[in-house]
Protein chains: 2
Amino acid sequence: MRPSIKSDQTERIVQALKRAGYQATPNRRLVAELVAATGGHFTAADLLERGRRERVNIGRATVFRALELLASLRVVERLDLPSGSHAYVVCDPDAHHHHLVCSNCGKSEDVADGELARLVDDIGRRSGYSIESHRLELFGTCPSCAAAATGTVATARGVQA
Amino acid sequence: MRPSIKSDQTERIVQALKRAGYQATPNRRLVAELVAATGGHFTAADLLERGRRERVNIGRATVFRALELLASLRVVERLDLPSGSHAYVVCDPDAHHHHLVCSNCGKSEDVADGELARLVDDIGRRSGYSIESHRLELFGTCPSCAAAATGTVATARGVQA
DNA sequence: GCCACAAATGAGACCGAGTATCAAGTCCGA
DNA sequence: TCGGACTTGATACTCGGTCTCATTTGTGGC
Ligand SMILES: [Zn+2]
Ligand SMILES: [Zn+2]
Ligand SMILES: [Zn+2]
Ligand SMILES: [Zn+2]
């Protein structure tokens with residue numbers, strides 16, 4: 001079921017704020033909604049524009065601040081697109097994972113770390129470095145986009161956007 | 001002429017330029033030298049500053065253009081530091097690999113892809129995405145920095161800055 | 001060497017993302 | 001309700017990077 005626009009995703013984000021002791025102000029709620037409403041990745045500018053569209057005033061700085069906050073709570077994560085620009089994706093704050101991003105539509109899937117952890121350990125051992133963090137980013141074409149591209153319009157039906 | 005400073009690394013870069021049909025102009029040679037002379041990672045601004053120091057005039061745009069060129073030849077690679085800022089590292093143009101970067105001194109090691117390729121394949125198969133590229137970046141402390149940090153001053157002697 | 005043309009360069013305007021400042025507004029607990 | 005802490009928006013600013021365009025430099029053919 002779907003309680004209209006503000007998904008429980010929104011609520012989850014708001015809860016994360018409260019739990020961490022931050023005020024859940026109207027502005028932050030708005031950002032939470034906007035974030036939750038995106039498939040794929042988004043930039044601060046995206047949110048700003050969409051935000052302005054449905055509510056008149058939200059300051060640029062406020063959006064940046066909210067995103068920074070959400071990022072610190074691991075509710076969103078910063079992504080470095082191959083183009084060199086930055087974007088965000090919502091993500092699960094509870095488990096270390098990585099992102100697989102459709103370079104066509106921007107949709108993003110979480111990918112469990114899996115064996116990578118072992119691999120990283122190995123690299124650390126072999127190199128003598130003490131590895132503190134790592135980042136894996138995967139880019140490709142998602143099934144829907146692939147289907148759309150091959151022109152087999154029929155199959156596009158079975159896939160949810 | 002002073003062949004001491006310009007390592008064969010420099011020459012390798014210059015050759016790569018020629019091979020790809022680009023002019024090896026004095027400016028580009030300069031950038032090649034500067035790039036070759038860095039351990040660790042560097043930014044365009046770094047190069048610019050060092051460049052200006054030893055030769056009066058090299059335009060900002062020129063440095064950016066040269067780096068862009070070298071990046072397209074895979075002679076350098078763009079890195080996204082955890083801070084969100086961009087840097088470059090020299091790297092082997094002939095084999096796909098990743099980078100392990102010391103977050104203290106900036107030194108960087110190439111890391112072979114190894115089993116990662118298989119892992120990436122798996123992820124593609126499981127997710128249905130057709131994966132086109134991936135990026136793995138590892139951050140940690142290099143052995144010299146670790147040694148220096150533990151305060152064993154004795155060992156610091158044996159390490160080059 | 002000389003010439004014509006292509007490639008490269010530098011200065012500076014420009015742009016967009018992100019940050020800093022600061023005064024004004026809002027929230028919350030006592 | 002009151003006061004202090006937190007939040008906000010406008011604005012100025014920084015900084016990495018790009019664009020433009022007039023000038024310079026390199027190259028290949030003669
Ligand atoms: Zn897609
Ligand atoms: Zn991982
Ligand atoms: Zn180090
Ligand atoms: Zn790889």
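Chain naming here is simple, since letters A, B, ... match the order of the sequence lines and numbering starts at 1 in each.
Atoms CG (A:L69) and P (C:dG18) sit 16 Å apart, rounded to a whole Å. Rounded to whole Å, atom C1' of D:dG26 lies 13 Å from atom CZ of B:R29. What separates CZ of B:R28 from P of D:dT24 is a distance of 19 Å, to the nearest Å. Taking atom CD1 of residue B:I58 and atom C1' of nucleotide D:dT25, one finds them 14 Å apart after rounding to whole Å. Rounded to whole Å, atom P of C:dG10 lies 10 Å from atom CG of B:L30. If you take CZ of B:F64 and C1' of C:dC14, they are 14 Å apart, rounded to a whole angstrom. One can place CD of B:E49 at 12 Å from P of D:dG16, the figure rounded to the nearest angstrom.
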Is there a side-chain contact (heavy atoms from CB on, under 4.5 Å) between A:H41 and A:L81? Walk through the geometry before answering. CA-CA 10 Å; A:H41 53 69; A:L81 305 183; 3.9 Å; yes
Stepwise side-chain contact (heavy atoms from CB on, under 4.5 Å) test for A:H99 and A:D110: CA-CA 5 Å; A:H99 296 276; A:D110 285 12; 3.2 Å; yes
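The base of D:dG17 is paired with the side chain of B:R60 by a donor and an acceptor separated by under 3.5 Å.
Side-chain contact check for A:P82 versus A:S103: every heavy-atom pair is 4.5 Å or farther apart. Counting heavy atoms from C-beta outward, B:E49 and B:R53 have side chains that approach closer than 4.5 Å. Put simply, the side chain of A:L70 reaches to within 4.5 Å of the side chain of A:L17, judged on heavy atoms.
In terms of phosphate contacts, B:N27 brings no side-chain nitrogen or oxygen within less than 4.0 Å of OP1 or OP2 of D:dT25.
When distances are taken from the side chain of A:Y22 to each of D:dT7, C:dG10, C:dG18, the shortest belongs to D:dT7. Checking C:dG18, D:dG9, C:dA17 against every side-chain atom of A:A44, the shortest atom distance belongs to C:dG18.
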Interface polar pairs with nucleotides 20-30 of chain C, N/O, under 3.5 angstrom:
none

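Taken together through direct or relayed side-chain contacts under 4.5 Å among Ile, Leu, Val, Met, Phe, Trp and Tyr, A:L34 and A:V14 form parts of separate hydrophobic clusters.
Open room surrounds CZ on B:R74; 12 or fewer heavy atoms of other groups in view lie less than 6.0 Å from it.
Looking at residues two or more places apart in sequence or on another chain, you find a ring pair (Phe, Tyr, Trp, His ring centres under 6.0 Å) between A:H98 and A:H96, A:H134.
Within residues 75-90 of chain A, no residue has any heavy atom closer than 4.0 Å to DNA chain D.
Under 3.5 Å, the side chains of A:Q9 and A:R12 contain a donor-acceptor pair of N or O atoms.
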